[in-house]
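Every number for a ligand or one of its atoms is a count from 1 in the order of the listing. Any value given below was found using the heavy atoms of this structure, including those in side chains, with hydrogens, waters and symmetry copies removed.
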Amino acid sequence: MAIENGHAVVLQEIDPSKLKITRTPTPSTLPSTTSLPFGIHHSDHMLILSYDPQAGGWSAPEIKPYANISLDPMSSCFQYATSCFEGMKAYLSPTSQPLLFRPEMNMARLASSVSRLSLPPFDTSALLELIKKLVKTEEKWIPRDEQGKALTGYSLYVRPTMIGTKSSLGVGASDKAILYVICSPSGPFFPPVLPSEGKVPGYIKPVKLLTVSEHVRAWPGGTGAHKLALNYSPGFLTQKEAERKGYDQILWLRREGREEVVMEVGAMNFFVALKRDDGDIDIITPPLDGTILPGVTRASILQLIQSDPTLFSSSFSSTTNPTPKLYAHETPLTMSQLDAWHSQHKILEIFGVGTAAIVAPVGATIVVPEYEQGIGPVAAAIRKIILDIQEGRVEWEGWAVGC
Ligand SMILES: *Cc1c(COP(=O)(O)O)cnc(C)c1O
């Protein structure tokens, strides 16, 4: 509600029934599946809507040809980084239906990012309805094989974005915003290894981590638990330095007294698999203390393990006998604790998880055992189940949502 000339006016919520679809007269074609590096290509259309209290609230939503956005140079998003986003993927089911993975979690997280930036609120279920329409419109952009069938590991990355558009240099909240959603066809995060590299088929190259505590990604009371654009750009310099030194990613640490607390792997949640004395396996990730991004992949892995410790047994290679049970824990982790477990030979695997990579094995820096497949058996088993659910081969509690 807003006050206008002393009268209360009800502002318009997002209304999916007002969606206007304008198709491009010049549709493009999907690039070859062999050249789909992450986040380079975009599909033909975008979803866009704007919020302006003077214009009555949320505009009628539009799906229209992908195009530039023109903004006042004073816009809040340029001056004060009022910008947040989500990352989700549309997969093709075995019956060629586009599927989103637990999209209501992305909508809830976007709403919390928007609230943290004091941007205008929006109706999460209305936005999800529109995103499904966009994905359906952009269906042909989900990569597939020559027979038109699903290609495992390929998907259409969906990037909802909200920016503050108030034109004012005044330091304060933006009461105007643009919400848009763009799509980018993406191939497997890990490129296939060439036969000349002498690795087994399906080898996934472990990422080499540089531990960093002089730059801090997130801190208590900060914004690390939200997907705000301003959380990422300060890490680019650090990431470039890491690459120059021959590392792939950063292991973000935070000094707390004499301890270094483990936070995240680049923009992925951190997991460690530990061998227990009884032969079973503990899977540990740091708790959501406000410095950790509440990942959908992270939550799903914890829930899958908690629902059934033997769930992953069938995915382990038959060489691990008897097949171990998995137990999940959310526990603060420090570097000295990891070092201690390492010297007790308890660390089986370390991996990062997130929508883009799903599960990425970690090698070097913290010494972890090497596996012939690159990825260890625990990470591989988790990766397989998550992908089976995302790609609709296994039904799990309605997590894969059709468009
Ligand atoms: C997006 C993100 C993740 C992973 O979240 P998912 O919902 O699983 O994709 C983890 N850490 C950071 C910092 C992120 O931005």
Next on the checklist: Assess the residue pair F271 and L333 against the criterion (side-chain contact (heavy atoms from CB on, under 4.5 Å)); give the C-alpha distance rounded to whole Å, side-chain angles, the decisive distance to 0.1 Å, and a yes or no.
Outcome noted: CA-CA 10 Å; F271 278 78; L333 294 167; over 6 Å; no
Item to check | Trace of the side-chain contact (heavy atoms from CB on, under 4.5 Å) decision for S83 with M162 | outcome: CA-CA 6 Å; S83 172; M162 186 149 153; over 6 Å; no
Next on the checklist: Distance alone, cut at 3.5 Å: any donor-acceptor contact between the side chains of S213 and E260?
Outcome noted: yes
Checklist entry - Can you pull the residues with any heavy atom under 4.0 Å from ligand 1? => result R109, R217, K227, Y232, E264, A267, M268, N269, L293, G295, V296, T297, G354, T355
Item to check | Donor-acceptor under 3.5 Å (K89 side chain, T355 main chain) | outcome: yes
Item to check | Whether S155 side chain and Y91 backbone form a donor-acceptor pair below 3.5 Å | outcome: no
Checklist outcome for this item: For residues 160-184, the side-chain hydrogen bond (donor to acceptor under 3.5 Å, both in side chains) pairs (sequence neighbours left out) are D72-S167
